[in-house]
Number of protein chains: 2
Amino acid sequence: MSRPDAEPSLHDDAARAGWLYYVGGMTQDQIAAELGISRQRAQRLVSRAMAEGLIQVRLNHRIGACLDLEAALRDRFGLDRVRVAPGLGAGADPVRAIAPAAAAELERFLRMPEPLVVALGTGRALRGMVDAMVEIDSPQHRLVSLIGNIAPDGSASFFDVVMRIADKVRAPHYPMPVPVISPTPEENEAFHRLPPVRKVVALAEAADVVFVGVGQMSNDAPLLADGFVTRAELDEMQTAGASGEVAGWVFDSEGRYLDLGTNRRTGGVRVAPGLARPSIGIAAGASKVPAILAALKSRIINGLVTDEPTARALLSRA
Amino acid sequence: MSRPDAEPSLHDDAARAGWLYYVGGMTQDQIAAELGISRQRAQRLVSRAMAEGLIQVRLNHRIGACLDLEAALRDRFGLDRVRVAPGLGAGADPVRAIAPAAAAELERFLRMPEPLVVALGTGRALRGMVDAMVEIDSPQHRLVSLIGNIAPDGSASFFDVVMRIADKVRAPHYPMPVPVISPTPEENEAFHRLPPVRKVVALAEAADVVFVGVGQMSNDAPLLADGFVTRAELDEMQTAGASGEVAGWVFDSEGRYLDLGTNRRTGGVRVAPGLARPSIGIAAGASKVPAILAALKSRIINGLVTDEPTARALLSRA
DNA sequence: TCGCCTTATGGGTAAATGCTCATACATCGA
DNA sequence: TCGATGTATGAGCATTTACCCATAAGGCGA
């Protein structure tokens, strides 16, 4: 029995209510009458539509101050693509601010007709970007992960961005079937000698465009919070000048990859600095400023999506 | 640097306020505090951002497209009630797609406490609607058929919708005890002179709400397939510009009833065009597009339940 | 089957929002 | 200079929305 959606699901109702509210400009009373439900239920549906990201809001105007910051960043770091989203005020999660802009930037590439290989890192920023994306049918592209998808506890999907994007664009996708960080260099190498892994690695290295988050290596490092490195390993790398990481690979304040600590056991593909293909960093937040700065200096990334306060901080420290 | 401390334009402020409101989820009070303005000004900026399209809202859900189509149909044809169900893909029976939506629409009326007279046509679409209906005890309403229930072979129930609905709502029901199409105008008139028939006709003409299918008059006409008209009669009416039919009454491409062919011998009640009471067409399918278009033009129906591809076709031909 | 636990529902209410209006300010023309 | 005209502002108020809570409904294990 193929009956895809015979009964209007909760999502359908929520989407409809949200549409009537935000697009149709109706009050919740009117929506309740229209759908034959109570006002409270209408309110819950509308709020659910927003919470689940069924309703997407974007700013269709470049605020002058942000444009100025973009131009300044472009000048100062020789960037190809820069987007600065308005800040949301202290205390707000900067991912909320940059997600729509990041999604728009990714969609730009996905809408190109010629087939592209898009390489992706992980992290909360990329996760937010994907959530803010619309569904877009682009089966001509290939999506490849830069970073292993096997977490320390063996679970397969952490912030598995590639899978989620692939859902939305219906494009072939290639997760990196290795541990994010292996216990020993030998085990890491063993994984990377496997032919299927070599294929994915080759694909990632040949990517036409790269989207990555940027992690700080201060005490609030995502690598530590997510259990990929121990406190001792973090200490060691901090002492050696670790400033940030991209796709799990740690670099110093000049953006030079370190040859120690977990860098000897990190799986997947390191984003090569200084290449011509677009390499877009998606990152915002005061604690990430030194890391972003370093990645920009060595051109691990040559494009940036960030928010207003982060942009200001980058310029004042540069 | 390009514009040292340029005064932020009104648009900039509006965009920023709208951003903080819709993306940041702040209250207008908080925005006012953040930007150092009065709450009223914040409110005006937010509302301006929306009015000028600085803030774009879109729905990231499959039914989003359907809602857009509904709005377009409502605009284009001045309809009161429109539902567009998501298409089920080529090859699938469109009745399957629209039946749940049609049932929901009918249930809306049946749930009303005040007694209604509901007039019904026949056809596969209405049959599907009834099958998709839940049982609902509404003895306050009366259900009346628009169309005769005597088939050419003398059998009484073909797609007899009224009986089946009545089963589900346990409401009094009034079949139209005349032939769908009589052999001669005289026989038809003889039936309609009978007092019981006149009562049913009067009831149908006073209906508070009408649900009908819409039949095409191309070579795959339901009237022909079900043996109500002969091939010769169909030819004659096609030559005269027949475009579709509602409850057995044939009309041209502008929705004007023809005065020839079987229209002179059709029993039951013709749905009068342009009345205020809801008259909901339940119809989908590529071959029905010209018929639906005609019925919409002359407002034989002022409401529509259809599916996505049909909705698109209606709009592109309109 | 019963009773417990989780989840959904609708009433009530405080907070937030949108609207109207009187007023202030500025611009422009006589 | 004065007045007229148009526009922006904030106060007050009606409407709308969000949240809390008591209760009902549904699911699940004993």
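Reminder, nothing fancy here: chain letters follow the sequence lines and each chain counts from 1. Note that the structure is predicted; figures quoted are calculated from it, not measured.
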Return the value, rounded to whole Å, for the distance between atom [atom1] of [X] and atom [atom2] of [N].
X	N	atom1	atom2	answer
A/Leu35	C/dG10	CG	P	13 Å
B/Ile31	C/dA16	CD1	C1'	12 Å
B/Arg41	C/dA16	CZ	C1'	20 Å
A/Arg39	D/dC20	CZ	P	15 Å
A/Gln43	D/dT16	CD	P	15 Å
B/Gln28	D/dA18	CD	C1'	14 Å
B/Asp29	C/dG18	CG	C1'	13 Å

- Kindly state which residues belonging to residues 45-53 of chain A come within less than 4.0 angstrom of DNA chain C, counting heavy atoms of the residue only, listed by number.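 Within this stretch, nothing sits under 4.0 Å of the strand.
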- Message: Which nucleotide wins on minimum distance to the side chain of A/Ser38, given the candidates C/dA16, C/dG10, D/dT17?
- Response: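 When the side chain of A/Ser38 is considered, C/dG10 is the closest of C/dA16, C/dG10, D/dT17.
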Side-chain donor-acceptor pairs of residues 42-49 of chain B under 3.5 Å, sequence neighbours excluded:
{"from": "B/Arg48", "atom 1": "NH1", "to": "B/Glu52", "atom 2": "OE2", "distance (Å)": "3.0"}

- Query: Which residues pass the side chain to side chain donor-acceptor pair (under 3.5 Å) test with B/Asn302, sequence neighbours left out?
  - Reply: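 Partners of B/Asn302 by the side chain to side chain donor-acceptor pair (under 3.5 Å) criterion come out as none, since no residue qualifies.
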- Position toward the 5' end of DNA chain D (nearest nucleotide), A/Met26 or A/Arg44: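 Result of the comparison: A/Met26.
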- Message: Can you tell me if B/Tyr21 touches the phosphate of C/dA16, counting only side-chain N or O atoms and a distance under 4.0 Å to OP1 or OP2?
- Response: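 It does not, given that no N or O in the side chain of B/Tyr21 lies less than 4.0 Å from OP1 or OP2 of C/dA16.
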- Task: Go through the N and O atoms of the side chain of A/Gln40 and the base of D/dA18, and report whether any donor-acceptor pair is under 3.5 Å.
- Result: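 Donor-acceptor pair under 3.5 Å: no.
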- Is B/Arg142 close to B/Val117 at the side-chain level, that is, under 4.5 Å between some pair of heavy atoms?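 A side-chain contact under 4.5 Å exists here.
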Sidechain N-carboxylate O distance under 4.0 Å for [X], [Y]:
X	Y	value
B/Arg81	A/Glu34	yes
B/Arg83	B/Glu105	no
A/Asp131	A/Arg127	yes

- Item | Donor-acceptor pair, side chain of A/Gln56 and main chain of A/Met133, under 3.5 angstrom |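 Here the side-chain-to-backbone pair exists.
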